[in-house]
Amino acid sequence: MTKGLATHWRLMPQRYNLIGTHCKNCKSKFFPQRKICPKCRRTGSIEEFKFSGKGEIYSYTTVCAPPQGFEYQAPYVLAIVKMKEGPFITAQIVDCKPEEIEIGKKVETVFRKVIADGSSGIIRYGYKFKLRD
Amino acid sequence: MSSKVGIIGVGMTKFGELWDRRYRDLIVDAGVDAIKDAGIEGNQIGGMYVGSMSPGLFAEQEHVSALVADYSGLAGIPATRVEAACASGGVALREAYLAVKSGEMDIVVAGGVEKMTDVPTGSAAVALMGAGDQEWEAFKGATFPSLYALMARRHMVEYGTTIEQISQVAVKSHDNASLNENAHYGFKVTLEQVMNSSMVADPLRILHCSGITDGAATVILASEEKAKELVDDPVWIKASALATDTIALHDRKSLSKTEATVLAARKAYKDAEIKPEDVDFAEVHDAFSIAEILAIEALDFCDFGEGGKLTQQGETALKGRIPINPSGGLKGKGHPVGATGIAQAIEAVLQIRGKAGDRQVKGAETGLIHNVGGSGATCVIHILSMEK
Ligand SMILES: [Zn+2]
């Protein structure tokens with residue numbers, strides 16, 4: 001999966017710093033960013049919003065048959081996390097054993113290498129989550 | 001405007017690893033069979049819709065609308081490719097239905113095709129993951145089995161659905177597929193085999209997942225007037241409904257209720273003026289075994305949370321109260337993604353004509369077909385019936 005550099009570069013604020021958006025009209029928060037509020041179904045009052053990176057596990061699985069580029073990480077835990085501010089996101093849970101994962105457990109983001117384009121390609125970083133003590 | 005739209009001919013290839021046939025061979029073979037079945041000539045065809053998810057990645061071929069029209073000997077007619085991931089076939093059927101319904105065309109072809117085995121399995125998985133959100137799911141290491149595993153987990157926690165119940169879906173699909181000569185996986189499997197097969201994404205194992213399959217399917221649609229003139233046994237499309245949901249699974253209102261199916265089903269039942277209990281059988285999108293449980297609940301064949309039990313009690317088997325996937329479904333028959341929605345329509349037509357052989361559902365007069373794209377972002381439903 002060798003994609004152009006720009007595909008990652010333009011998403012860096014979101015992937016590195018959890019910058020989503022916030023609708024001033026209905027107060028809904030969105031991650032990833034939205035240009036049109038799906039709740040109000042219109043534009044006009046969207047502004048950037050930085051998420052705390054704290055949340056809890058909503059659902060999870062252990063990926064045993066990984067996609068291309070993730071072979072060296074498998075098996076890994078993939079989860080849907082409910083963020084403290086409301087939105088849900090998909091991410092890996094790292095630094096723990098799959099047996100330690102439970103729905104409802106508190107997690108927080110860590111900044112990690114996500115995928116590398118082969119041995120000489122670019123390395124893409126982003127958020128993953130770890131269990132909170 | 002045509003008041004009714006009927007299916008007057010059907011044709012499909014065997015589903016499987018068809019090494020000897022190219023992309024274009026598959027769809028042309030299916031089309032020729034459908035034209036023969038309808039007893040029409042090529043020059044009576046007014047237009048064509050071809051459902052195909054990813055010929056570019058699977059066969060390095062785009063612009064398949066013109067390609068298929070050309071190799072069908074029909075260059076000149078309007079031809080349109082339709083893409084809605086795994087629901088491409090079902091949405092192509094809907095576009096063909098609308099073309100006839102509007103009065104624009106009298107006789108229209110709806111085909112579906114995918115040639116998936118010419119690329120390595122890893123590349124096929126990349127192509128399929130295009131049905132999800134590349135930036136916020138695939139980039140995080142999500143695969144389609146893992147997205148359905150996330151749904152299965154919630155269903156198990158919220159409703160107490162068991163892995164035995166989920167596995168029973170696969171057992172039943174293979175039982176039915178063993179009666180279907182066109183099925184890719186026409187062999188039976190036991191509950192133990194399913195539950196001990198290799199883990200793909202916990203709790204889903206390899207025998208809970210549909211495979212990589214080549215195949216094509218074609219149906220011929222006609223206006224009420226033409227259908228009556230041309231054949232004795234048209235099967236009428238009583239409703240066509242399409243709904244969407246968020247592209248990423250994590251943005252859905254619920255992981256255990258498939259909203260797009262609920263929305264499409266509501267419209268389909270209303271338009272067909274029937275209730276769920278009037279449906280004699282259904283072909284549903286069991287790309288993963290949990291998906292069939294999600295489908296039968298959202299289609300209101302049982303309450304939310306009861307799908308696992310309904311399956312375990314045998315109510316969805318061929319001789320049960322509401323037979324689901326008599327063809328063997330995506331799991332048993334195979335899932336050449338673009339072809340699936342059309343193949344579902346073909347099974348419904350054969351059942352309603354009473355020509356489904358050993359897997360014939362008794363008293364099959366009204367059937368529902370349910371085709372899903374991605375993890376549920378597209379759902380297209382049609383209701384077919386022998387009576388207008
Ligand atoms: Zn808003």
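Keep in mind that this is a model prediction, so the values were computed, not measured.
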Heavy-atom proximity to chain B below 4.5 Å, by part of A:Y127
both

Looking at A:Y60, does the NZ or CZ of B:R153 lie under 6.0 angstrom from its six-membered ring centre and within 45 degrees of the ring axis?
yes

Give the member of A:P87, A:P32, A:P66 that has the highest number of heavy-atom pairs under 4.5 Å with chain B.
A:P32

Check whether A:V114 gets within reach of chain B through its side chain, its backbone, both or neither, counting any heavy atom under 4.5 Å.
side chain

Between B:E137, B:E135, B:M199, B:M151, which shows the greatest number of heavy-atom pairs under 4.5 Å with chain A?
B:E135

Without swapping roles, check the side chain of B:D303 against the backbone of B:E306 for a donor-acceptor pair under 3.5 Å.
no

Of the listed residues (B:S123, B:G122, B:A248, B:G141), which shares the most heavy-atom pairs with chain A below a 4.5 Å separation?
B:G141

Side chain from CB out, backbone as N, CA, C, O: work out which of these in A:A74 comes under 4.5 Å of a heavy atom of chain B, or both, or neither.
neither

Would you compute the distance between atom CZ of B:R205 and atom CD of B:Q193 and round it to the nearest 0.5 angstrom?
13.0 Å

About how many Å separate OG1 of A:T109 and CZ of A:R132, when rounded to the nearest 0.5 Å?
10.0 Å

Tell me, please, whether B:W136 has A:R15 positioned over its six-membered ring: NZ or CZ under 6.0 Å from the ring centre and within 45 degrees of its axis?
yes

B:Y185 six-ring centre to B:K331 NZ/CZ under 6.0 Å and within 45° of normal:
yes

Side chain from CB out, backbone as N, CA, C, O: work out which of these in B:S198 comes under 4.5 Å of a heavy atom of chain A, or both, or neither.
neither

What part of B:A125 is in contact with chain A, defined as an atom under 4.5 angstrom from a non-hydrogen atom: side chain, backbone, both or neither?
neither

